[in-house]
Amino acid sequence: MSQSVANTRTVHAVCSHDCPDSCGVLVTVDALSGRATKIQGDPSHPVTRGFLCGKVAKYLDRVYSPDRLLYPMRRRAGVPKGPLPQGREAEAFERIGWDEALDEIAARLKGIAAEHGPESILPYSYAGTIGQLGFGSMDRRFFYRLGASQLDRTICSSAGGAALTSVYGIRLGVSPEDFAHAGFIIAWGANIHGNNIHLWPFIEEARRHGARLVVIDPYRTRTAALADEHLVINPGTDAALALGMMHVILRDGLEDAEYVASCTHGFDELKAHALKPKHAPEAVAKATGIDAATIERLARAYATAGRNGSRPAAIRLNYGIQRSENGGTAARAVAMLPLLTGAWQYKGGGLQLSTSGSFPFRSAALQMPELMQASPLGRTARTINMSQLGEALTAPDAGVGGPPVKAMLVYNSNPAAVAPNSNDVLSGMKREDLFTVVHEQFFTDTVDYADYILPAPTFLETKDVQGAYGHQYVQVSQQAIAPLGEARNNVRLFGELARRMGFTEACFDDREDELIEQALPADHPWFEGVTRESLEREGHIRLAMPKNEHGDTLPFSTAEWFRSPSGKGELVPVPVFKAPVESRANAGEYPLEFLPRKADNFMNSTFANIPVHQRMEARTAGYLEMHRSDAVPRGIMDGDEVEIFNARGSIKLRAHIDGQVGEGVVAARLEWNKLSGGGLNINALTSERLTDIGGGATFYSTLVEVRKA
Ligand SMILES: Nc1nc2c(c(=O)[nH]1)N[C@H]1C(S)=C(S)[C@@H](COP(=O)(O)OP(=O)(O)OC[C@H]3O[C@@H](n4cnc5c(=O)[nH]c(N)nc54)[C@H](O)[C@@H]3O)O[C@H]1N2
Ligand SMILES: Nc1nc2c(c(=O)[nH]1)N[C@H]1C(S)=C(S)[C@@H](COP(=O)(O)OP(=O)(O)OC[C@H]3O[C@@H](n4cnc5c(=O)[nH]c(N)nc54)[C@H](O)[C@@H]3O)O[C@H]1N2
Ligand code: SF4
Ligand SMILES: [Mo]
């Protein structure tokens, strides 16, 4: 979709950041100079509705930033790896051409694979872009064919994903548009206003019709401040709260017996479990910090919404609750609530954690895991969990057996800033015997440890196809402008590197259009009418999911929707609450629960270096938020410099006693290491412990102590 007016064109792109909203974006491009002059939300996209979040509204500042990494570079001889002052990173490197860079990188990889085996090479990528091609296509083909270690991409959502799948068999949820029809909404570990802004107008619409919004979060987010009620929960205790709600619902017979009979499996077992005295509101109040009367009221309001023609209850569950040691169980327990009340049967009722299962892209065709068999390894390569990068880089057997990691190719990620237990991560990345290549848009913390850096484009500079994890529209993102400098996209980088390695398979020649066609299933009913051509014409297309007699798509309203082993909602194994090892229940030397948070105006570590975004986040820069009752006994006053520490690390921030956190909890937000006071960000304190299911990171289960610096 491209329209011309006078000397400008408007190009339809898709915001590729790791955000549930996947906005349709219109980019105005000056036809003469080829420069983007304006960026706006697509008014015709039913979820984007013509506006962008504060971060991406200022996107041209990022695209045309004077700090963009524009050329391939090689570390200068003798310059050790490690932190470089922001703005002067390029001094540690010398500019080289792409051919030279690719030849030298291929030669090094061949040598390392020959000496240590290909599994000594580790890809490290996450969701710098969530476009299908940029996130995982040619890169995966390359690493499979090489026989490199596989990366388990667990740093964000794997516990919640596994939880949802274990209960429903597929990741589907209430559409954002349908939230407008809800009568009672719970934002559960979900900072909607900060992280998922395009859901907000639908919630406001529901509230205009009388809906109540209740937020369950240990932190007073923007969302909590705007809600009807904020329930301050102790971190990591959501499974207990959900079980307490079940207790009330089942004790009082508020379940929908007909729906339970036709759409769930294991009800009797769950009922017996939930009715145990330890799940009674008085008992649950102790663990969660939410009083018994409130739990009773919450459970009743939740379960009775939708009765007698009233509007139903919707839960926006987000990934906040599953970044916790027992987060998988917590997400499973919450996900079971609408199965008891039958909320799914009503428009606007049910739950949304992720809608990603709505998009049956052909990832096997894009990624070709069968290439592993053609690799020198000739078998399935070992897997390394990305949330344990520190261990992988510092343990002699990469923590999982097999050769030590000798080379790491980083793209779509900034592990030096975002991976947990960063002291170990950074000491691993500092190893002079580790060969590191980083494909990036900016001189991030990770670039400071690179042997070679390669320039990557922004989403304005490349073409892709994208689904969403917060709505049900598939979109093609057109290339709006030429890549800046010598930037090359992920597809081209790995296609060319494959040739340099001597891989002869034809699949390494595929380009964007071919890959987009391969990604789209021809035979899946939900993708009916979705082709590269139709997407290019329309910009976005709503998936053709099954509809009821009123024309509404209501996932899990009937038994046909479930993809679980029993063909119904799985209520067994029953969720069992266990307090995290790192939580107040087990506090000792480090008594405070730490929330190492995302910034409302950054995207994880992305945007942290852009001045306009820094200004938007100035209020939280360098702050440790704490409760007065924790500050006073430690002799800490508002504005004091404090040290936050545990056995893994220590950082310095300024105390801010502002009422955003409750007693026993302290919070600070993500930042680049090199932009942090002491050169280390909050991940110096987080651990590599994994979640109960899904092997996820546990950022929000972190104990610390604080003292005046
Ligand atoms: N502005 C902005 N938007 C973003 C991002 C960003 O960095 N900035 N990141 C993007 C990414 S990668 C993701 S995954 C999504 C994530 O979106 P969300 O899942 O909303 O992410 P979080 O902010 O991690 O967690 C949500 C809330 O959970 C709370 N929380 C922490 N521990 C607990 C707990 O034990 N129980 C409960 N009930 N709540 C808890 C946190 O205080 C937080 O306010 O957002 C995306 N959107
Ligand atoms: N303490 C703490 N740590 C966290 C979190 C938290 O809440 N607290 N959140 C966690 C979560 S949920 C997530 S998802 C992870 C996110 O961690 P990452 O996936 O590392 O996310 P970003 O920090 O956004 O970094 C993405 C990088 O990819 C680059 N990039 C963008 N597009 C492209 C491209 O097309 N090609 C290449 N080669 N590069 C590109 C960007 O410039 C950016 O530097 O962080 C996790 N870490
Ligand atoms: S970051 Fe999210 S809300 Fe912002 S423009 Fe991108 S998709 Fe939309
Ligand atoms: Mo994430």
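In each ligand, atom 1 is the first atom listed, and ligand 1 is the first ligand listed. Side-chain atoms are counted along with the backbone in the values below, which use heavy atoms only and exclude waters and symmetry mates.
When the heavy-atom distances from atom 1 (N) of ligand 1 to Asp600, Leu231, Leu670, Ile155 are ranked, the shortest goes to Asp600. The nearest non-hydrogen atom to atom 1 (S) of ligand 3, considering only Gly24, Gly470, Cys53, Ser16, comes from Cys53. With Ser22, Cys19, Pro20 as candidates, the residue nearest to atom 2 (Fe) of ligand 3 on a non-hydrogen basis is Cys19. When the heavy atoms of Gly320, Ala239, Ala224, Ala330 are ranked by distance to atom 25 (O) of ligand 1, first place goes to Gly320.
A salt bridge links Asp228 with Arg207; the closest basic N to acidic carboxylate O contact falls under 4.0 Å.
Counting atoms of ligand 1 from 1 in the listed order, those under 4.0 Å from a heavy atom of Asp18 are 10 (C), 11 (C), 12 (S), 46 (C).
Inclusion of Lys55 in the set of residues having an N or O under 3.5 Å from an N or O of ligand 1 is warranted. Polar contact check, Cys19 against ligand 1: no nitrogen or oxygen pair lies under 3.5 Å apart. The distance criterion of under 3.5 Å between nitrogen or oxygen atoms is met by Ile216 with respect to ligand 1. The N/O atoms of Tyr219, backbone and side chain alike, include none that comes under 3.5 Å of an N/O atom in ligand 1. Residue contacts with ligand 1: Thr237 is placed with no nitrogen or oxygen under 3.5 Å of a nitrogen or oxygen of the ligand (distance criterion only).
Within the 4.0 Å heavy-atom shell around ligand 1 one does not find Ser324. Residue His17 places every heavy atom at 4.0 Å or more from ligand 1. Using a 4.0 Å heavy-atom cutoff, Cys156 is listed among the residues neighbouring ligand 1.
Residue contact annotation: Cys15 places no N/O/S atom under 2.8 Å from atom 8 (Fe) of ligand 3. In summary, no N, O or S atom of His198 is located under 2.8 Å from atom 2 (Fe) of ligand 3.
Considering only non-hydrogen protein atoms, atom 19 (O) of ligand 1 sits nearest to Tyr319 N, 2.7 Å.
A cation-pi geometry, defined here as NZ or CZ lying under 6.0 Å from the six-membered ring centre and within 45° of its normal, does not hold between Arg62 and Phe442. In this structure, Arg316 is not positioned above the aromatic face of Phe179 in the sense of NZ or CZ being under 6.0 Å from the six-membered ring centre and within 45° of the axis.
In this structure, the side chain of Glu617 does not engage the main chain of Gln614 through any donor-acceptor pair within 3.5 Å.
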